[in-house]
S.K.: 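Starting off with a structure, shown below.
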Amino acid sequence: MKKLSVLLVCGSGASSGFMAANMRKAASKEGLEIDIKARSESEIENYIDDIDALMVGPHLAYILDEVEEYKNGRNVKVILMKPEYYSTLDGAKAIDHLLEEMKK
């Protein structure tokens, strides 16, 4: 599998920053090459050209239609993170979810 580039977004970028750090640790433990960045949802357009997947905080489900417009035909997998792992910042479960969605 090629190195994945993933952008995590939440409202301000704070909670997604913690989640990204935990996901990087989990990916490293598994020997996976995944570049994970965290930003606020207002910055999606700045990164959409450079990512393979966009993981959106569960509290931002309402922006998914907007995100589809940002994609503008690009092959970017949009994943709504699950509250079960997002609320506990469980990076390993987030990585599992990411990999599962990338296979679809």
S.K.: Counting C-beta onward and ignoring hydrogens, is there a side-chain heavy-atom pair between His97 and Lys82 closer than 4.5 Å?
M.R.: yes

S.K.: Could you pull out all donor-acceptor pairs under 3.5 Å where a side-chain atom in residues 55-67 meets a protein atom, sequence neighbours excluded?
M.R.:
from  : atom 1 : to    : atom 2 : distance (Å)
Glu66 : OE1    : Tyr70 : OH     : 3.2

S.K.: Is there side-chain contact between Arg74 and Asp49, with at least one heavy-atom pair below 4.5 Å?
M.R.: yes

S.K.: What do the steps show when you test Leu32 against Leu99 for side-chain contact (heavy atoms from CB on, under 4.5 Å), and what is the final call?
M.R.: CA-CA 10 Å; Leu32 300 169; Leu99 296 177; 3.7 Å; yes

S.K.: Indicate whether any N or O donor in one side chain lies under 3.5 Å from an N or O acceptor in the other, for Ser5 and Tyr47.
M.R.: no

S.K.: Could you check if a side-chain atom of Leu8 sits within less than 4.5 angstrom of a side-chain atom of Met23, using non-hydrogen atoms only?
M.R.: yes

S.K.: To the closest 0.5 Å, what do you measure between CD (Glu41) and CG (Leu7)?
M.R.: 11.0 Å

S.K.: How many angstroms lie between CD in Glu45 and CG in Asn72, if you round to the nearest 0.5 Å?
M.R.: 10.0 Å

S.K.: Roughly how far, to the nearest 0.5 Å, is the CE atom of Met19 from the NZ atom of Lys93?
M.R.: 10.5 Å

S.K.: Between Met102 and Leu4, does a side-chain contact (heavy atoms from CB on, under 4.5 Å) hold up when you go through it step by step?
M.R.: CA-CA 10 Å; Met102 292 307 289; Leu4 280 179; 3.7 Å; yes

S.K.: CD1/Ile44 to CD/Glu69 distance, rounded to the nearest 0.5 angstrom?
M.R.: 11.5 Å

S.K.: Yes or no on side-chain contact (heavy atoms from CB on, under 4.5 Å) for Ile36 and Ile95, after CA distance, side-chain angles and deciding distance?
M.R.: CA-CA 10 Å; Ile36 304 167; Ile95 289 289; 4.1 Å; yes

S.K.: Does the pair Lys71 and Ile48 meet the rule for a side-chain contact (heavy atoms from CB on, under 4.5 Å), with working shown?
M.R.: CA-CA 7 Å; Lys71 280 176 51 176; Ile48 200 80; 4.2 Å; yes

S.K.: Kindly write out the residues that satisfy side-chain hydrogen bond (donor to acceptor under 3.5 Å, both in side chains) with Lys37, not counting sequence neighbours, or none if the list is empty.
M.R.: Asp35

S.K.: Look only at the side chain of Lys25 and the backbone of Gly91, and say whether a donor-acceptor pair between them is shorter than 3.5 Å.
M.R.: no

S.K.: Within this structure, what is the NZ-CG distance for the pair Lys103 and Leu98, rounded to the nearest 0.5 Å?
M.R.: 10.5 Å

